Participant: 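Pasting a structure below so you can have a look.
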Amino acid sequence: MSHDNNSDLPPPIPDATPHPEDMLKQAPPGPRAASEAVAAPAASPGPAGRYEHVLEQFAHDYLRDRRSDRRWKTFFRLIWVTLALLFVWALFMSKHPASTAVGPHTALVEVRGEIAPDTEASAELIVSALKAAFEDQNSAAVVLRINSPGGSPVQSGIVNDEIKRLKALHNKKVYVVVEEICASGAYYIAAGADEIYVDKASVVGSIGVLMDGFGFTEIMKKVGVERRLMTAGENKGMLDPFSPVTPKQQAYAQAMLDQIHQQFIHVVREGRGARLKETPETFSGLFWNGEQAVQMGLADGMGNLDYVAREVVKAEEVVDYTPRDNVAERLAKRFGAAMGEGAVRTMRSMATSIR
């Protein structure tokens with residue numbers, strides 16, 4: 001059966017895309033097109049976009065700086081806390097120099113430099129060290145190692161008195177070891193010891209008292225300078241270097257020196273006893289080497305610290321009880337000195353000098 005009639009055929013499928021060329025425009029991009037789209041540069045932002053970018057960058061920089069500041073503040077706080085702890089520890093250790101000592105030992109106290117207030121050889125520091133050395137139950141004896149030209153008779157007398165008191169209280173002996181020099185006030189201290197040991201070349205003695213100064217009255221006359229000194233009390237300006245010394249004032253000063261000298265002589269005689277071989281020169285202010293000092297009875301023998309600890313005390317281990325200035329104390333003293341100097345300048349600018 002033939003079907004020539006076109007009406008019997010199914011109707012044609014309608015074309016969904018009237019214009020086929022539009023399919024290329026609407027087709028989804030392939031992998032190559034996508035990569036090209038990514039690679040394509042973004043459109044330049046407008047003024048608003050640039051402003052937001054600057055604000056964002058500023059915020060990031062500000063936060064970074066704040067974090068950096070906090071880290072540095074924390075770091076410096078830790079530094080200051082560490083320094084404070086070291087300062088406290090150093091002060092504690094300076095007051096307890098022999099806290100780690102164990103067993104029988106020879107206690108050492110150094111006397112170095114000028115004997116005067118506010119020095120390493122002040123009576124305050126020496127007496128403090130002596131007390132600690134005597135009170136330690138493990139110290140067999142105390143050795144004063146002296147290297148000093150002397151100084152204040154008052155400071156020396158305080159130490160001498162304390163040596164005698166501590167010896168009687170603790171029933172321990174005190175020995176002196178002289179290094180370079182033990183003269184004047186230093187020998188005043190040494191006289192309180194049970195025995196004195198020297199080197200053959202040590203300088204020992206100078207048992208005397210002095211008061212020194214300068215006088216400028218003749219120079220002032222030649223230059224034409226007038227000294228205007230006002231005092232309440234006829235002797236208040238005594239020994240003023242710009243005023244003449246009257247015979248009465250000179251006699252008074254000499255009498256005072258003679259009295260202090262007699263105190264010194266009494267201490268030496270009491271300390272050395274029958275060992276002292278007095279001559280007219282013994283208390284004249286002369287000094288001698290160590291070998292001569294032994295012959296004169298000013299010293300007992302030759303020996304250094306190790307010899308005395310090993311052979312005399314019989315306790316070879318030596319523990320140093322001498323208070324030492326540490327870094328923290330030196331800084332504190334310098335700071336205090338600077339503050340004091342500023343205060344003095346202020347006071348001087350506010351008032352005249354009255355003494």
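Just so it is clear, the structure is predicted and the values come from calculations on it, not from any experiment.
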Participant: Give me each pair satisfying ring-ring contact (aromatic ring centres under 6.0 Å, His included) with a member in residues 195-230, each pair once, sequence neighbours excluded.
Facilitator: F216-F242
Participant: Run through the side-chain heavy atoms of Ile, Leu, Val, Met, Phe, Trp and Tyr, join any pair under 4.5 Å, and report what else lands in V203's cluster.
Facilitator: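 Other cluster members: I181, F287.
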Participant: Mind checking what makes ring pair (Phe, Tyr, Trp, His ring centres under 6.0 Å) contact with Y307, not counting sequence neighbours?
Facilitator: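 Ring pair (Phe, Tyr, Trp, His ring centres under 6.0 Å) check on Y307 returns nothing, list empty.
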Participant: Say whether S122 and T119, considering side chains only, have a donor N or O and an acceptor N or O under 3.5 Å apart.
Facilitator: no
Participant: Looking at residues at least two apart in the chain, or sitting in another chain, which of them share a salt bridge (charged side-chain N to carboxylate O under 4.0 Å, His left out) with R228?
Facilitator: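 If we apply the salt bridge (charged side-chain N to carboxylate O under 4.0 Å, His left out) test to R228, skipping adjacent residues, the hits are E226.
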Participant: Show every ring-ring contact (aromatic ring centres under 6.0 Å, His included) that has at least one partner inside residues 248-274, sequence neighbours left out.
Facilitator: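 Residue pairs passing ring-ring contact (aromatic ring centres under 6.0 Å, His included), neighbours aside: Y188-F264.
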Participant: With sequence neighbours left out, what residues match V223 under side chain to side chain contact (heavy atoms under 4.5 Å, CB included)?
Facilitator: I219, V225
Participant: Under the rule for side chain to side chain contact (heavy atoms under 4.5 Å, CB included), what residues qualify as partners of D199, not counting sequence neighbours?
Facilitator: A201, S202
Participant: Among all residues two or more places apart in sequence or in another chain, which pass the side chain to side chain contact (heavy atoms under 4.5 Å, CB included) test with L286?
Facilitator: E281, S284, W288
Participant: Any side-chain heavy-atom pair from I163 and L130 closer than 4.5 angstrom?
Facilitator: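 Counting from C-beta outward, I163 and L130 do come under 4.5 Å.
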Participant: Is it the case that the side chains of D258 and Q262 hold a donor-acceptor pair, with the cut-off being a distance below 3.5 Å and no angle test?
Facilitator: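 Judged by distance alone, the side chains do not pair up.
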Participant: Got a sec, which residues hit salt bridge (charged side-chain N to carboxylate O under 4.0 Å, His left out) with K221, two or more places apart in sequence or on another chain?
Facilitator: E218
Participant: Please enumerate all residues that pass salt bridge (charged side-chain N to carboxylate O under 4.0 Å, His left out) together with E162, with sequence neighbours excluded.
Facilitator: R165
Participant: Kindly check if the number of other-residue, nucleotide or ligand heavy atoms within 6.0 Å of CD (E291) is above 12?
Facilitator: no
Participant: Can you list the residues that meet the salt bridge (charged side-chain N to carboxylate O under 4.0 Å, His left out) rule with E311, with sequence neighbours excluded?
Facilitator: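 So E311 forms no salt bridge (charged side-chain N to carboxylate O under 4.0 Å, His left out) with any residue.
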Participant: For a quick check under 3.5 Å, do S243 and D240 share a side-chain donor-acceptor pair by atom type?
Facilitator: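 Yes - a donor-acceptor pair under 3.5 Å links their side chains.
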Participant: I need the full list of salt bridge (Lys or Arg N to Asp or Glu O under 4.0 Å) pairs touching residues 166-179, with sequence neighbours left out, sorted by first then second residue.
Facilitator: R112-E179, R145-E179, K167-D194
Participant: Is any NZ, NE, NH1 or NH2 atom of the basic residue among R66 and D69 found under 4.0 Å from an Asp or Glu carboxylate oxygen of the other?
Facilitator: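 Looking at R66 and D69, the cut-off is not met.
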